[in-house]
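These notes concern the structure reproduced below.
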Protein chains: 2
Amino acid sequence: MTTASKTVSDVIHSHLGVLTRAEKQLAESLLDNYPVSGLGSITTIAENAGVSTPTVVRMVQKLGFKGYPDFQARLHLEVEATISNPIAKHDRWAQNAPGTHILNRFADAIMGNLRQTLTDLDTATFDSVASLLSDRKRGLYFVGGRITGALAEYFFTHMQVIRPATTLLSSNSSSWPQYALNMNAGDILIIFDIRRYEQEMVSLATAARKRGAEIVVFTDQWGSPAAKLARHTFRVRIEAPSAWDSSVVTLFIVEALIEAVQNSTWDETKERMKTLEGLFEQTKLFRKPG
Amino acid sequence: MTTASKTVSDVIHSHLGVLTRAEKQLAESLLDNYPVSGLGSITTIAENAGVSTPTVVRMVQKLGFKGYPDFQARLHLEVEATISNPIAKHDRWAQNAPGTHILNRFADAIMGNLRQTLTDLDTATFDSVASLLSDRKRGLYFVGGRITGALAEYFFTHMQVIRPATTLLSSNSSSWPQYALNMNAGDILIIFDIRRYEQEMVSLATAARKRGAEIVVFTDQWGSPAAKLARHTFRVRIEAPSAWDSSVVTLFIVEALIEAVQNSTWDETKERMKTLEGLFEQTKLFRKPG
DNA sequence: ACTGTCATGAAAAGAAATTTTCAGCGGATG
DNA sequence: CATCCGCTGAAAATTTCTTTTCATGACAGT
């Protein structure tokens, strides 16, 4: 066979370029939860992928197999190889990585963090924050520290598209008092502050509270001192097998919040995004293509 | 179903006593190399076991299954459970949250992304990139787009602490040519570019290549055009139940890389970090947790 | 030895899967 | 705007799989 030593996954990847729309759709479906997704009959996988059975036949033939049975036989071999390997037995998803590889240890840790964080997290808090952030009458201010500044920026960039009146505070704390001065009652200050808490953060939070602003804090399980001044606090697990803390779960919550806000204000956001897209497109028109 | 919570293997074992000779022979064959041996058609497994197909039907019905397809469907589920990872098992997650809550839907999606990404990811690529980034003789340049700029910044912030000669390119592409001009042969350009690929990224990558720089690209499963110019490419799953793509898994890989680099250059890094800590303490910008 | 019971597989019948055919549709091109 | 080309899925044709039927043979009890 021409596809001798490569895995079906490899073959699919190497053919992605020559696949048509429906075939790509099928390929995605197969690669998702690979290789188990290819265990069933041609009818089943066609249905799962939302394409017709002829499309399946055409694709597997395009990939170099004689027909669907040929394709499936190959998949079965791969499943067998995977399962029969005692090392891979429990860790198929990291099959390429030795058990002690940093990727695996990281994945374990992050999974634990996510599970723990979600267990501890009150969905009412999440929903309340989403609701606060959806209120367009409130100004939003984002601030983070040395490391968490990137998270604040990420959150800010998205919210800026979704709604007006969003402000990103510089990571440099010397300019913070000026921002606090501009806050109005009902505005929201979103603080990212994990260990090695920044002292200035408390001053900023205090000033914001005096101006009547609500405070939302993303911190770690030990809690930023600024959390005492907050209306809502997200305590996120940040432990990783590393000298550094992990921001993965924090980013996870940020993204979920972005979607929650976007979803609850979709009607208002839609037009806004369209306009913005137009602006981006226009800007690109004036540049030379690469 | 009567055989609800037990595995097929359990069911077979508990029925061994009531099986006839040919059925026992079949059962042995199935348990040998279980559960993969049950992947094929009824004809196949009958042949492998040296019995007739009616024997197979009779046995699976004796075991409590409706017929062979029922039996096989169950086996497929077990194969899937065996192959899939702990990540997929989210039973106890977010107990406080309804199954349809955005947090849970997001968690599902991110878990899938992580699993898929790790499955597709070659650890050799990861290790090669970690090794490249550990080479202090090479200058590092980080660049991202509108959304991914925050990721580039996050990566940069950490690497800046760990090693010298790191540069963060502005998100504004107009300044990129100047950076390219400063690159030397062997320098590394780390590009973050997910869909809505930025056209200028290709120009930058081309310019960097001309200067002899190596390119590492973080992109999505569809692949940034800049990936064609890259020495190494990370294809990360970014799908989320959201109007926006998810950067969680990308951040995961970034953090793992940070640790890998830090770990491989610890001796050199240690002193550097101590010095930096001292500087931070001195300026009282950062405090220890209280 | 006779008889009844049960296991077993060959073969037929039935069901389902796989492949092929073909018409419609939509985007590309002139 | 017309034409072409290739993708796509409905449906038919074909192949394969699954189940049922039934004849045979082994064995236990009479």
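Keep in mind that the numbers below use all heavy atoms, side chains included, and drop hydrogens, waters and symmetry copies. By convention in this document, chain letters (A, B, ...) are assigned in the order of the sequence lines, proteins followed by strands, and residues within each chain are numbered from 1. Quick caveat: nothing in here was measured; it's all calculated off a predicted structure.
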Task: Candidates dT19(C), dA10(D), dT18(D) - which lies nearest the side chain of Pro54(A) - done: dA10(D)

Open item on the list: Between Asn172(B) and Ser174(B), do the side chains contain a donor N or O and an acceptor N or O under 3.5 Å apart?
Closed with: yes

Task: Sugar-phosphate, base or nothing in reach of Gln61(A), heavy atoms under 4.0 Å - done: sugar-phosphate

TODO: Verify the ring-centre separation between His101(B) and Phe126(A): is it less than 6.0 angstrom?
DONE: yes

Task: Side-chain donor/acceptor contact of Arg21(A) with base of dG27(C) under 3.5 Å - done: no

TODO: Starting from the C-alpha separation in whole Å, work towards a yes-or-no answer on side chain to side chain donor-acceptor pair (under 3.5 Å) for Glu255(A) and Ser246(B).
DONE: CA-CA 7 Å; Glu255(A) 288 188 349; Ser246(B) 168; 2.7 Å; yes

Task: Nucleotide nearest Thr53(B) when distance is taken to its side chain, options dT19(D), dC17(D), dA17(C) - done: dT19(D)

- [ ] Could you check how far CZ of Arg58(A) sits from P of dT20(C), rounded to whole Å?
- [x] 11 Å

Task: Closest non-hydrogen atom pair between Leu103(A) and Ala256(B), with its separation - done: CD2-CB, 4.0 Å

Task: Spacing between Asp70(B) atom CG and dC17(D) atom C1', to the nearest angstrom - done: 16 Å

TODO: Using whole Å, report how far NZ of Lys66(A) lies from C1' of dT19(C).
DONE: 12 Å

Task: Minimum-distance nucleotide to Thr20(B) side chain [options: dT8(C), dT19(C), dT18(D)] - done: dT8(C)

Open item on the list: Strictly below 4.0 Å: does Thr55(B) bring a side-chain N or O up to OP1 or OP2 of dG9(C)?
Closed with: yes

- [ ] Rounded off to whole Å, could you give me the OH-to-P distance for the Tyr68(A) and dT16(D) pair?
- [x] 16 Å

- [ ] Nearest whole angstrom, please: distance from the P of dA16(C) to the CD of Gln72(B).
- [x] 15 Å

Open item on the list: Side chain of Ile42(B), heavy atoms from C-beta onward: which of dT20(C), dG9(C), dC17(D) has the nearest atom to it?
Closed with: dC17(D)

TODO: Would you kindly give the CZ-to-P distance between Phe65(B) and dT19(D), to the nearest whole Å?
DONE: 13 Å

Open item on the list: Measure CG/Leu39(B) against P/dC17(D) and give the value in whole Å, please.
Closed with: 14 Å

- [ ] Evaluate the ring planes of Phe218(B) and Phe234(B), with Trp represented by its six-membered ring, and classify them as parallel (under 30°), tilted (30 to 60°) or perpendicular (over 60°).
- [x] parallel

Open item on the list: The side chain of Val51(B) is closest to which nucleotide in this list: dG9(D), dT18(D), dG9(C)?
Closed with: dG9(C)

Task: Nearest-Å distance for atom pair CD/P, residues Glu47(A) and dA17(C) - done: 9 Å

